[in-house]
Amino acid sequence: MINYKKHQLSNGLKVITHFDESTPIVALNLLYNVGARDEHPEKTGFAHLFEHLMFGGSINIPNFDEPLQQVGGENNAFTNNDITNYYITLPKENIETAFWLESDRMLSLAFTDKSLEVQRNVVIEEFRQRYLNQPYGDVWLHLRPLAYKVHPYQWATIGKEISHIENATMQDVKDFFFSHYRPNNAILVVAGNIQHEEVIQLSEKWFGNIPAGEIKKRNLPQEPKQTEARKLTLERDVTANAIYKAYHICKRTDEKFYIFDLISDLLSRGNSSRFYKSLIKEQKLFSEIEAYVTGDLDPGLFVISGKLSDGVSYEKAEQAILIEIHKLQTEIITDKDLQKLKNNVESHHVFAQMSVLNKAMALAFAELMGDIDLVNKEVEKYNAITSQQIKDIANKYLIENNCSTLYYKKNNQ
Amino acid sequence: MNRSLAPEYNPVKKLNLVSPQNIMLDNGIPMYYFNAGSQDVLRIEVLLKAGSRYQSAPLIAHVVNNMLNEGTKTHSALQIAETFEYYGAYLHTECDLDNASVVLYLQNKHLDYLLPILIELLTEAIFPKHELEIFLENAKQKFLINQQKVNYLARKHFAHALYGESTYGFMLKEEHYNNVQHNLLIDFYKQFYCAENITLIVSGKVGERELKLINKVFTVITNGKKQKKSMLNLPEYNVSQNHIPKKDAIQNAIRIGKVLFNKTHKDYFDFHVLNTILGGYFGSRLMSNIREDKGYTYGIGSAIVNLEDSGYFFISTEVGAEVCNAAINEIYKEISILNNETVPYEELNLVKNYLAGTLLRSLDGPFALAEKFKAAHIFGFDMNYYNNLLKHIHAITPERIQELAKSYLQPDSLTEVVVGKV
């Protein structure tokens, strides 16, 4: 059970607290409801570039990191297609420093040319390091536009191409900031050995006078139903053939999400999972293979990705995956297997609650999903799943006409 | 309200350190445990003196450790996985140059069902030949994929440049995966997976019931022969420059460093502070210059690696191939500055506070305590090691930092590895 209390400031900032007296550390998590899906198609990678700029100094504080390090704190951030999330952990005595820093960069950034120029370069190097200079690094740059023809999920958080980052201007930066980084578009969570009242008082003091902004209602083009199988082959200088299959599924907030998630566990979680047992061990077709859900707020993907064992043909490998899917569609999973999956969910939930930072992030995301109590109710949702539901969902969604398949082939150099 | 003024703060001056309880099981296995935390969960670590320094042929220690759960006298790999996974437990094995370890994460309520299986892995593993074949084939494929990564190659070539053909510098090759002999696995397992070689580190909710059960079950592990550990025969350190070409590289991986010492050395604590200033945190000189000023890289850092018979220092980064030389020049420039100038008081003060906070954060929660204890215990220390570390952090002066840089970071004492377009 994660305990929590909620409050909203008059400028719209939501403040959530979680009390845990067992730790000397406090976590402060600030989630902005903006991600790569909110970008203009010709200015992609912007939400993420912006995340970098948030460390380049704010209106009253020239450097974000130094004062935090000065008080023994640590921080980081991540951007995905839906959200941009900033987090700090620090000794609880020094919590006010976190409020001071986070509120000032919500008030306004310094917007220096130097920061923009340097962070453009840093992000370009990140693009090269993580997406271009790694074996299989560019998979998602190709799989996304194959799966999404209309919805902004068709580009990766890093952006479609380096030129979009190169061309970012200061005006773009300012527009982005004032249309998204406003208190009424954010959720603040503070977790640790600190009382709710103290957090509210600090929030009023530091965030209270930041004006609300006008947040445009999100109106994204929704992906039309896919009606035929899509396939793409890439040839690259890699040492093993790989296959990726992406099926359209529901939103993260849909009740069906939990079923898809459980199916992905059934297929590939642990050494007793179906893929591991059959495709890796018995048939020796793959050296590794996994299934997972993307968990996006707009309809996401159910993904299967595997590396083929040496000498195995694509036909044989893919056929074996399809047979496993066919089993999901025609056979009923045993009670014992279903119970195993549910026990794992419970266990995962217990272990995930061991750090205040994890709990703070979970609370912020649940609030964004529209029901903060999901942090405590989700285990129940998994527990209620029946084997018939698994079969029905597999029949409806895990079909070739709903699937984009990417063959990532080794070239013959 | 003046937003340009920082709020008051308190530096971390003291750690509320918890020491583990120490008992000896009936068969002589030492056990350290932290009864802490609010959740009904346990982390049971079986720490073994069974790293690759003890093996008779390449990969043996690693394969034994990784394949403990691939079959025992009475249970198949699948049955073992079924049991762990049915109870929502996680088994984690790891093997480095000096030690091996088997860690089980579980909820207390399942302890009775899971402990016997854990013991079975430690006493009755058989490394079935068909499983071995699959394991090696898949491990080889992963190895070949890693060989395509500049960062991985730089790490391997750097260790080799420092330690040559000794265990610490040994470079695996593809053919090693084709030549793992089953009888060597069995020999290694018999010799090193025995009571004398085990230390147990348990953390979480460790009550009377858990202690009794652990003692009872672990007692079946029999005594083998106490292994005599001898110091490795390491080559003398020689400075070298190594350029490893990798065609089509978009970025080059750079590693610069040298053989130094491990945490048993008298200068270790102080060097830890020096390392932090240079490349040990986000605001470090290397990050500030090479990422935040020049934009040459997504990240750059430095660290000290602790080995039981040695230790080394390294700087590592991946940079655009076209700015590789410029980045290397900047790295040396930063090292020279540390040699020639004292660190400003404000910067040192910031690093002290940052390190103290980091230490506090790293000791948060029962599992973290266990891991910190292990890191000290391997080198013969107890939890008080961290109090000493904090004392040194607060006591160090700018002059001392410069003195250390002059003794240990002369630019011409450093070995260089660059992988990519060279």
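No hydrogens, no waters, no symmetry mates; every other heavy atom, side chains included, goes into these values.
If you measure heavy-atom distances from A:Leu357 to chain B, you find no contacts under 4.5 Å at all. With a threshold of 4.5 angstrom between heavy atoms, B:Ala77 approaches chain A through side-chain atoms but not through N, CA, C or O. Of the two parts of A:Tyr136, only the side chain, counted from C-beta on, holds a non-hydrogen atom closer than 4.5 Å to a non-hydrogen atom of chain B. Heavy-atom distances place both the backbone and the side chain of A:His348 under 4.5 Å from chain B. Proximity to chain A (any heavy atom under 4.5 Å) is restricted, for B:Lys109, to the side chain, taken from C-beta onward. When heavy atoms are compared at a cutoff of 4.5 Å, A:Ile61 approaches chain B solely by way of its side chain, counted from C-beta outward. Heavy atoms of B:Gln39 lying under 4.5 Å from chain A belong exclusively to its side chain. No part of B:Leu363 comes within reach of chain A, as not one of its non-hydrogen atoms sits under 4.5 angstrom from that chain. There is no contact between B:Leu91 and chain A, counting heavy-atom distances below 4.5 Å.
Heavy atoms only, all atoms of each residue included: B:Lys149 and A:Pro135 are closest at CG-CD, 3.6 Å. Contact between B:Val12 and A:Pro91 at its shortest, heavy atoms only, is CG2-CG, 3.7 Å. In plain terms, the two heavy atoms of A:Trp100 and B:Ser4 that are nearest each other are CZ2-O, 4.1 Å.
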Subject >> Step-by-step ring-ring contact (aromatic ring centres under 6.0 Å, His included) determination, A:Phe351 to B:Tyr90 >> reply: CA-CA 10 Å; A:Phe351 283 105; B:Tyr90 309 107; 5.6 Å; yes
**OP:** Take B:Tyr354 and A:Glu74 through the test side-chain contact (heavy atoms from CB on, under 4.5 Å) and record every step on the way to the result.
**Re:** CA-CA 8 Å; B:Tyr354 170 74; A:Glu74 179 88 273; 2.9 Å; yes
**OP:** Would you please test B:Lys140 and A:Asp310 for salt bridge (charged side-chain N to carboxylate O under 4.0 Å, His left out) and show each step?
**Re:** CA-CA 10 Å; B:Lys140 183 167 78 181; A:Asp310 214 22; over 6 Å; no
Subject >> B:Tyr298/A:Glu126 under side chain to side chain donor-acceptor pair (under 3.5 Å): CA gap, chis, key distance, verdict >> reply: CA-CA 5 Å; B:Tyr298 178 47; A:Glu126 180 180 1; 3.1 Å; yes
**OP:** Take B:Thr297 and A:Glu125, measure what side chain to side chain donor-acceptor pair (under 3.5 Å) needs, and give me the verdict at the end.
**Re:** CA-CA 5 Å; B:Thr297 181; A:Glu125 289 307 321; over 6 Å; no
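Checked by atom type and distance alone, the side chain of A:Asn60 never pairs as donor or acceptor with a backbone atom of B:Arg3 at under 3.5 Å. In this structure, A:Asn133 contributes its side chain and B:Gln251 its backbone to a donor-acceptor pair below 3.5 Å. At least one donor-acceptor pair under 3.5 Å links the side chain of B:Glu85 to the backbone N or O of A:Ser272. Checked by atom type and distance alone, the side chain of B:Asp364 never pairs as donor or acceptor with a backbone atom of A:Pro24 at under 3.5 Å. B:Gln141 places a side-chain N or O within 3.5 Å of a backbone atom of A:Leu308 that can act as its donor or acceptor partner.
A donor-acceptor pair shorter than 3.5 Å can be found between the side chains of A:Gln119 and B:Glu292. Judged by distance alone, the side chains of B:Tyr9 and A:Gln70 do bring a donor and an acceptor atom under 3.5 Å apart. Counted by atom type alone, A:Glu346 and B:Gln107 present one or more donor-acceptor pairs between their side chains at under 3.5 Å.
A 6.0 Å sphere centred on CD of A:Glu21 holds no more than 12 heavy atoms belonging to other residues, nucleotides or ligands. The number of heavy atoms from other shown groups lying within 6.0 Å of CG (A:Asp335) does not exceed 12. When the shell of 6.0 Å around CZ of A:Phe78 is examined, it contains more than 12 heavy atoms from other residues, nucleotides or ligands. Counted within 6.0 Å of NE2 on A:His349, heavy atoms from surrounding residues, nucleotides or ligands total more than 12; the atom is thus considered enclosed. Atom NZ of B:Lys205 sits in a crowded spot, with more than 12 heavy atoms from other residues, nucleotides or ligands closer than 6.0 Å.
Of the listed residues (B:Leu106, B:Asn10, B:Asn16), the one with the most heavy-atom contacts under 4.5 Å to chain A is B:Asn10. Of all the listed residues (B:Gln79, B:Glu70, B:Glu347), the one sharing the greatest number of non-hydrogen pairs under 4.5 Å with chain A is B:Glu70. Between chain A and the options B:Val41, B:Asp293, B:Thr358, B:Asn349, heavy-atom pairs under 4.5 Å are most frequent for B:Asp293. Ranked by heavy-atom pairs shorter than 4.5 Å toward chain B, the options A:Asn121, A:Asn63, A:Asp337, A:Ile95 are led by A:Asn121.
Counting only heavy atoms from C-beta outward, the side chains of A:Gln129 and B:Val319 never approach each other to under 4.5 Å. Residues B:Pro366 and A:Met354 are in side-chain contact: their nearest non-hydrogen atoms beyond the backbone lie under 4.5 Å apart. Side-chain contact between B:Leu360 and A:Ile25 is present, with at least one heavy-atom pair separated by less than 4.5 Å. Between A:Thr239 and B:Gln147 there is no side-chain heavy-atom pair separated by less than 4.5 Å. Residues B:Glu8 and A:Glu96 have side chains not in contact (no heavy-atom distance under 4.5 Å, counting atoms from C-beta outward). Using a 4.5 Å cut-off on side-chain heavy atoms (C-beta onward), A:Asn271 and B:Asn69 make contact.
Annotation: residues 276-287 of chain B contacts chain A through B:Tyr281, B:Phe282, B:Gly283 [non-hydrogen atoms, separation under 4.5 Å].
Applying the side-chain hydrogen bond (donor to acceptor under 3.5 Å, both in side chains) rule to pairs touching residues 129-138 of chain B yields A:Lys281-B:Glu131, sequence neighbours excluded.
Comment: A:Arg128 engages B:Glu322 in a salt bridge, judged by a side-chain N to carboxylate O separation of less than 4.0 angstrom.
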